[in-house]
Amino acid sequence: MSDLVGKKEPYIEIYHVPSHEDIPLDDKRTAHLLEEARANVEFAEESGYTPELTRRFSLISLLGVGFGLTNSWFGISAGLITSISSGGPMMIVYGTIVVAAMAACIGITLSEMASSMPNSGGQYYWTGKLAPKKWAPLMSYLCGSFAWIGSVFTSASITMSIATQIIGMSVLQNPQKTVKKWQVFLLFEAVNIFLLIFNIFERAQPYVSKSALFISLSSFFIIIITVLAMSGGEFQSASFVFSDFTNMTGWNSGAIAFFTGLVNPSWAFSCLDAATHIAEETTRPRTDIPKAICMTVVIGFITSFCFAIAMFFCMKNLDSIADSNTGVPIMDIFYSATSSKGAALGLQFLVLLTAVGCNISCHTWQARLCWSFSRDNGLPGSRWWSKVNTKTGSVVNSHLMSCAWSGVIGFVYLGSDTAFNSVMTCCVLFVAISYSIPTIFLVFDRSKLKPGPFYLKYNLGWYSNIITVGWTIFTFVFYNFPSVMPVAADNMNYACVVFAVIFGYCLLDWQLRAKMSFITNEQREQGRQELVKKLQVTSITSDVTITKSDC
């Protein structure tokens, strides 16, 4: 047996683990255990990481995490007012098409790498595999840092959206109510603390993600049907939706106004890497993760495009929506279309439920990023954040730490809501940059990418890689522009300042700590043969046990 271990053949052949098809159909539990064993030994042999998480996520559960987080139609509704000011309804309609096309290229890029190198580390792990040996440690560290920080910013922005919706619903019922900033802040923190409990227990997470998917799609259909049915046949003209350009930004250039307004559709299609960080919790990551990513983009485009068109045809008065005191423009559209506060509140409650599912999926995403990055000492205090809780089976420490930082970001809102609004821009930028870091190396040398089950021929994958990098450069330039002119302290876009601070911190942390302690892929893989010798593949039940002796 020891002679076999040293050979280069796939480790899976050593154990002769039966395939899924060899197991009787009436014993699905046994089939799953054997398939899980197969995935674990393959993962350990290829990466050098010890499998620590249970593989409970199915394709639908993965889609629940992916689409549950991206949730494009909800994303369009959450930041509606920004895009309306940057071109009116047509900006969102055509902006959705543009961003969805870019998201398709990003999805293809992520899917190819996830299919070739499935790992919970996602883009930072791929960077370590694709970058030149000299630059791999630093670039992998920067990529992981940007990805995790972007996920925390995203979580904070979604949590604020939930708090704003709840406050807005109370304002609709009581128009004379004056909202204080501290009230929004306290609600933000309460929502953040309450929703973190849904990611404590590992066994429940696949079911929660499925529920988030069901709630989102059900809410989409109910809202579309109800708003159209209750509009009384009073619809806006096609020119209002598809051709009238309304520039309320102060920019003299309509093109710049349009480009800066794309941040809202971009937010609605961000976080496409969510499913890639569940690679060690599904039995078929090479095929299921690309499917989840591609389905997320397709479903996201269909729902967001149809939702935007339906809402804008039912919008009664654009100026009143922009000047509303609720802070929730999509609810104002519901109210103007249905002429009923009860109906508007009911529909907004469905949006709120969708936002809750979105936030829970975001917690799953940020916790996996933090945990996987900490396995390689990517963060200060990694020895705590890299632990898997033996009682709950989940990455509780990294989850609590990530949620704590999301709560800290909430204090920015107390100081300046304008500065906090830059968080939404930053979450788009940091995540996009983390996608482009490994992609840049892939553009120059695709031979390093061992084709997985998902791999596009005829250079289609390469073209998608180029577009992904180009789109990141485009967004980094224009999303740092002020959204309105003239610029003042209370309407400035502080995204560039936030980026400079975070980038400076990362470089300092690298020089003082991570440069000496960060574990590279090359170092990790040096110990994989020793790991293979120690690894025992056993089932959880008393009926099935797979060990070396079984061979």
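Index from 1, following the sequence.
- No side-chain N or O of Tyr435 forms a donor-acceptor pair with one of Thr468 less than 3.5 Å apart.
- Summarising the geometry of Ser372 relative to Tyr124, their closest heavy-atom pair is O-OH, 2.9 Å, with the distance given to 0.1 Å.
- Checking each of Glu202, Glu280, Glu281 against Arg56 for a salt bridge (charged side-chain N to carboxylate O under 4.0 Å, His left out) leaves exactly one that passes, namely Glu202.
- For the 3.5 Å distance criterion, the side chains of Asn199 and Thr364 qualify, holding a donor opposite an acceptor.
- Between Trp267 and Ser157 the shortest side-chain heavy-atom distance falls below 4.5 Å.
- In this structure, a donor-acceptor pair under 3.5 Å is present between the side chains of Thr472 and Ser436.
- The nearest pair of heavy atoms linking Val184 to Ala163 is O-CB, 4.1 Å.
- If you look at Phe185 and Phe411, their ring centroids are closer than 6.0 Å.
- Side chain to side chain, Asp332 and Thr326 meet the donor-acceptor criterion of an N or O pair below 3.5 Å.
- In terms of heavy atoms, Pro265 sits closest to Gly261 at CD-O, 3.4 Å.
- Smallest separation of non-hydrogen atoms from Ser155 and Gln366: CB-OE1, 3.3 Å.
- More than 12 heavy atoms of other shown residues, nucleotides or ligands fall within 6.0 angstrom of atom OH in Tyr455.
- Minimum interatomic distance between Trp251 and Pro482 (heavy atoms only, all atoms of both residues): NE1-O, 2.9 Å.
- Less than 6.0 angstrom separates the ring centroid of Trp471 from the ring centroid of Phe474.
- Here the two rings, on Phe188 and Tyr413, have centers that are 6.0 Å apart or farther.
- Annotation: Tyr207, atom OH; neighbour count of heavy atoms from other residues, nucleotides and ligands within 6.0 Å does not exceed 12.
- A side-chain donor from one of Ser239 and Ser237 sits under 3.5 Å from a side-chain acceptor of the other.
- In this structure, Phe221 places its CZ atom where only 12 or fewer heavy-atom neighbours from other residues, nucleotides or ligands lie under 6.0 Å away.
- The shortest heavy-atom contact between Ser361 and Val65 is CB-O, 3.8 Å.
- Counted by atom type alone, Ser61 and Ser58 present one or more donor-acceptor pairs between their side chains at under 3.5 Å.
- Between Thr287 and Phe454, every side-chain heavy-atom pair lies at or beyond the 4.5 Å cut-off.
- Between Cys143 and Pro438, some side-chain heavy-atom pair lies under the 4.5 Å cut-off.
- Gln205 and Ser209 form no side-chain donor-acceptor contact under 3.5 Å, judged by distance and modelled atom types alone.
- Under a cut-off of 6.0 angstrom, the local environment of OH in Tyr94 is crowded, with over 12 non-hydrogen atoms contributed by other residues, nucleotides or ligands.
- Heavy-atom neighbours of Asn174 CG from other residues, nucleotides or ligands within 6.0 Å: above the threshold of 12.
- Here the side chains of Phe67 and Leu217 are in contact, with some heavy-atom distance below 4.5 Å.
- Aromatic rings of Phe478 and Phe481 (six-membered ring for Trp) have centroids within the 6.0 Å cut-off, being under it.
- Inter-residue side-chain proximity for His399 and His363 is flagged as met; some heavy-atom pair is nearer than 4.5 Å.
- No donor-acceptor contact under 3.5 angstrom links the side chains of Ser219 and Trp73, judged on distance only.
- Note: Phe476 and Phe499 meet the aromatic proximity criterion, with ring centroids under 6.0 Å apart.
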